[in-house]
Amino acid sequence: PGLPASREVAARAAAAGLQVLLHLPLEAEETGRALGPGGITSDMETEAIKTQVRAALDGIPGAAGVSGHMGSRATADRRVMAAVLAVVRERGLFFVDSRTTTRSVALDVARELSIPAAARVVFLDNEDDPAYIAGQLRQLITLAKMRGEAIGIGHVQKVTADVLRALLPEFERAGIVLVPVSSLVR
């Protein structure tokens, strides 16, 4: 949210038939990590969090849901997540927990508030290396076959897109269908 091209990119993605999510900056455990515009921190008052989330969503028209960016401190804080998810609920959206910490309470709070939600199981590109990304995508295939579904999160970057494109035949051979994340939230 709040970046110079945020609104335009969201509009272009929606016009292309893609599902748009607000990638909400949430406070990380590591101090000193810049959140950027629209970031949510654990020291914010509850109403300030709600106001910030509303403003972030207003800047991303057509967002179908919200995902967390960074967030290990924020997603482990029940009060912070209750405030964030209250706005997600009032807007009729869903939430995807990036699961940057095993201490995340985001899914629990979402369930308590009857908000459709899901969590990622594989980070695809923590390393900008084609072999690493291919390995992560193959892990995603394995987990999807075992569980019946799996969510992978990657960054918008050329290497990730190129490797995904190259591995699409492996997804097809495994009987894996790529779907919008909204079809996996419960």
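It should be emphasised that the depicted structure is a prediction, and the values quoted were computed from it without experimental measurement.
- Atom-to-atom distance recorded for L22:CG and F95:CZ is 9.5 Å, nearest 0.5 angstrom.
- Counting only N and O atoms by type, the side chains of T160 and Q157 include a donor and acceptor under 3.5 Å apart.
- Around the CZ atom of R12, the shell of radius 6.0 Å holds no more than 12 heavy atoms that belong to other residues, nucleotides or ligands.
- Residues G152 and L140 approach most closely at N-CD1, 3.7 Å, considering heavy atoms.
- Under the 4.5 Å side-chain heavy-atom criterion for Ile, Leu, Val, Met, Phe, Trp and Tyr, L178 and L137 are members of the same hydrophobic cluster.
- When only modelled atom types and interatomic distance are considered, T101 and E29 share no side-chain donor-acceptor pair under 3.5 Å.
- Side-chain contact between H69 and L24: absent, with no pair of heavy atoms (C-beta onward) separated by less than 4.5 Å.
- Atom CG of residue L26 and atom OG1 of residue T41 lie 10.0 Å apart, to the nearest 0.5 angstrom.
- In this structure a side-chain-to-backbone donor-acceptor pair under 3.5 Å is present from T100 to S72.
- The closest side-chain heavy-atom distance from Q139 to L143 is below 4.5 Å.
- Side-chain N/O atoms of T46 and R79 include a donor and acceptor closer than 3.5 Å.
- By the 4.5 Å heavy-atom criterion applied to side chains, R99 and T75 are not counted as neighbours.
- A side chain to side chain contact (heavy atoms under 4.5 Å, CB included) with I141 holds for exactly one of E170, M146, R173; it is E170.
- Salt-bridge check for K50 with E90: failed, with every basic side-chain N at 4.0 Å or more from each acidic carboxylate O.
- Looking only at side-chain heavy atoms (C-beta outward), R186 and P116 stay at 4.5 Å or farther from each other.
- Once rounded to the nearest 0.5 Å, the distance linking CD1 of I115 with CZ of F94 reads 12.5 Å.
- A donor atom on one side chain and an acceptor atom on the other are not found under 3.5 Å apart for D125 and Q136.
- Side-chain contact check for I40 versus E27: every heavy-atom pair is 4.5 Å or farther apart.
- Between the side chain of R111 and the backbone N or O of A117, no donor-acceptor pair lies under 3.5 Å.
- A side-chain donor-acceptor contact under 3.5 Å links Q19 to the backbone of S182.
- Counting heavy atoms from C-beta outward, T51 and E45 have side chains that stay 4.5 Å or more apart.
- A salt bridge between R91 and D58 is present, with a side-chain N of the basic residue lying under 4.0 Å from a carboxylate O of the acidic one.
- A distance of 9.0 Å separates CE in M81 from CG in L107, rounded to the nearest 0.5 Å.
- Across V179 and S183, no two heavy atoms sit closer than the pair CG2-OG, 3.0 Å.
- The CG atom of D128 lies 5.5 Å from the CD1 atom of I133; values are rounded to the nearest 0.5 Å.
- In this structure, the side chains of P25 and P1 come closer than 4.5 Å at one or more pairs of heavy atoms.
- Of all non-hydrogen atoms in G39 and Q52, the two that sit nearest each other are O-NE2, 3.2 Å.
- F123 carries R120 over the face of its six-membered ring, with the cationic atom under 6.0 Å from the centre and within 45° of the normal.
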Given salt bridge (Lys or Arg N to Asp or Glu O under 4.0 Å), test R89 with E112 step by step and report yes or no.
CA-CA 11 Å; R89 182 177 183 205; E112 290 166 11; over 6 Å; no
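- Residues S42 and D77 bring no donor and acceptor atom of their side chains to less than 3.5 Å of each other.
- Atom NE2 of H23 sits about 5.5 Å away from atom OG of S98, to the nearest 0.5 Å.
- The shortest side-chain heavy-atom distance between D162 and P130 does not fall under the 4.5 Å cut-off.
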